[in-house]
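Below, chains carry the letters A, B, ... as their sequence lines are ordered, and counting in each starts from 1. In this text, all values refer to a predicted model and were calculated from it rather than measured experimentally.
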2 protein chains.
Amino acid sequence: MSRVLNNTCAVAEDKRLRVEKAASALGYVPNPNARSLLMKSTGGMGMLLPHVSGEFFSEFLTGADNVAKDNDFFLLISASHGKASEWRSSVQSVYRRVDGLIVMAPQVTPKRLNLSQDIPTVFVNTPVPERDRSGVDVIGFDNAGGTRQAVEYLLNLGHRRFCYVAGPEGAFDAAERAKGFREALDSAGIRDGVILAGGYNHEDGALAARKILEMDPRPTAVLAANDYCALGLLTELQGAGVDVPGEVSIIGFDNVPSAAFSAPGLTTLGVPIREIGEKAIERLLHRIRRPDDPVRLSVELPVNLVVRDTTAPVLRQQ
Amino acid sequence: MSRVLNNTCAVAEDKRLRVEKAASALGYVPNPNARSLLMKSTGGMGMLLPHVSGEFFSEFLTGADNVAKDNDFFLLISASHGKASEWRSSVQSVYRRVDGLIVMAPQVTPKRLNLSQDIPTVFVNTPVPERDRSGVDVIGFDNAGGTRQAVEYLLNLGHRRFCYVAGPEGAFDAAERAKGFREALDSAGIRDGVILAGGYNHEDGALAARKILEMDPRPTAVLAANDYCALGLLTELQGAGVDVPGEVSIIGFDNVPSAAFSAPGLTTLGVPIREIGEKAIERLLHRIRRPDDPVRLSVELPVNLVVRDTTAPVLRQQ
DNA sequence: ACGTCCGTTGAAAACGTTTTCAAGAAAGTA
DNA sequence: TACTTTCTTGAAAACGTTTTCAACGGACGT
């Protein structure tokens, strides 16, 4: 009897007791499929991500999970996505199983995902053209501005020979970060900034480090596409006897927890990714609870330079 | 018409075409709730975890997600669990929404979770008493043996003054690791091993490091409950001018990706956590596909010492 | 040409809930 | 006492699928 479980209308006290006793004796748990088939709500949030590995995503998940749990929502996660076709099948499999969707697809433009419009969706760190933002929320952060800021900081420290270790091919955020690097150098009138192929993992940084070691003259400032890349770079350079930050300054991107605990501590660009995870779920909750609210989010959060110990004035090398 | 979408029986070719065209024109996607209500299968795997933060869990998730995706299963994740009551409500909310369940509950014994027996369940790194293993699969790893192995390695390097930075209170795996430490010291006849309160995060290691710095005589070998703790310890000791491994050797636990990229590289105990994630999902898939197979898994995987550069012979200090 | 069998197809039952509908009982009012 | 209103409760409809059932038509064999 659904009335007693959900307190939906008045029931005689003796009957209520009998039903409750029977329910707990049988270990009765309502079937959520039947429930959400009828009620058209599932109590879940879907997260479509490119990966789940690394601290960037684990922080994002942690933020999302915290507020989801507080509101008794579960998280449905689908990851490991490179191609648009994989995205589409994931979208299908998630559709109608959740009440809201968070999509982080730095490699794919959302219209290729053919998402249905009838489910609240928040895009995070995903390239959404202005004309496609009508029905959806968009949370981004200033990738290009971050690198630009970092370059400017290094310029002020006297650096003139720059190198950028790029992120993965085809990823929108990586491209933006590289763009910020080029723009900042252009503004400063520096023409010989080097961009090296890289990626988002330690190994990519280590590989780039070996190329940097062979360069002559060697750059005095290296920016990496993210913290893991920077950390791999740092370790490899140190292993080759290079003094960081004495000879080379390094700046990462993301400010993952580990960045604070390298030796020396990594100077990096802080992205509030855990807070973004929280905010994204909160946003979905709002849209679920007030479906007729027409206002949509479209924010680009600032990225803050977190100065630690892998950056120093260039004076010593000149 | 379900017959054409699922190829369940012969249909005239012209009708099939017409149905398919109509379906794609309307953007028809079958409602998964209605589907699984009837078919009693959902195409999802549930993961009940204590957290999702940090590389340990992100590696575990990556492994699980890889094989789940290859088999077109989605992952339903419920985390942030401290208390048994939270676990129970999560179990309820996941029940019937997934075809299999992975439970990692180092803080709770499974019988307090009142899990239903009718869904395949794999316990990972969870204390399951022998008598409760009849219907479930259990994958563990040798926590005690790991620390024991590490202590023995350090003993061979000549270390005699040991310190252990413990994990979180109440966690089964942390207790096992501490037990291994005590046992190994007892076997060696060393009575003055120090156990410090700690935790699973960088900060816990850093805090413990400050206590170690005040100790006199200072230990020459420090084991940490996990890698993050060890890394926090390492950074803090280095910051205080302590030479690692010259003055103090450090060994972590888990072998998360970052452990390879500290400076110096962290000696640690390798837990194949990504493979465990894969194996757990594979196990569930097997049990879903062959429900009548009575054999149950009950394995304790070995933990391997991964020697890097935070450990050295004690000679110099004697 | 007639009977049988197989391939095809439409209708209906089932899955486990919630919600609606209507009926019945109890209580209050004239 | 009779009528109306409110409270309670059982039955039935609905949600969107899959599967089963039965019927229909055609093809094949005798």
Using nucleotides 13-16 of chain D, report all nitrogen or oxygen pairs with the protein that are shorter than 3.5 Å.
| unit_1 | atom_1 | unit_2 | atom_2 | d |
| --- | --- | --- | --- | --- |
| D:dC15 | O3' | A:Lys40 | NZ | 3.4 |
| D:dG16 | OP1 | A:Lys40 | NZ | 3.4 |

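- For A:Glu86, the salt bridge (charged side-chain N to carboxylate O under 4.0 Å, His left out) criterion is met by B:Lys69, not counting sequence neighbours.
- Checked against salt bridge (charged side-chain N to carboxylate O under 4.0 Å, His left out), B:Asp118 has the following partners two or more places apart in sequence or in another chain: B:Arg96.
- Applying the side chain to side chain contact (heavy atoms under 4.5 Å, CB included) criterion to B:Leu38, with sequence neighbours excluded, gives no partner residue.
- Remark: B:Asp173 pairs with no residue by the salt bridge (charged side-chain N to carboxylate O under 4.0 Å, His left out) rule, at least two apart or across chains.
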Extract all donor-acceptor atom pairs below 3.5 Å that involve side chains of residues 97-104 of chain B and protein atoms in other chains or at least two apart in sequence.
| unit_1 | atom_1 | unit_2 | atom_2 | d |
| --- | --- | --- | --- | --- |
| B:Arg97 | NE | B:Ser93 | O | 3.0 |
| B:Arg97 | NH1 | A:Thr42 | O | 3.0 |
| B:Arg97 | NH2 | B:Ser93 | O | 3.4 |
| B:Asp99 | OD1 | B:Thr42 | N | 2.7 |
| B:Asp99 | OD1 | B:Thr42 | OG1 | 2.9 |
| B:Asp99 | OD2 | B:Thr42 | N | 3.1 |
| B:Asp99 | OD2 | B:Gly43 | N | 2.8 |

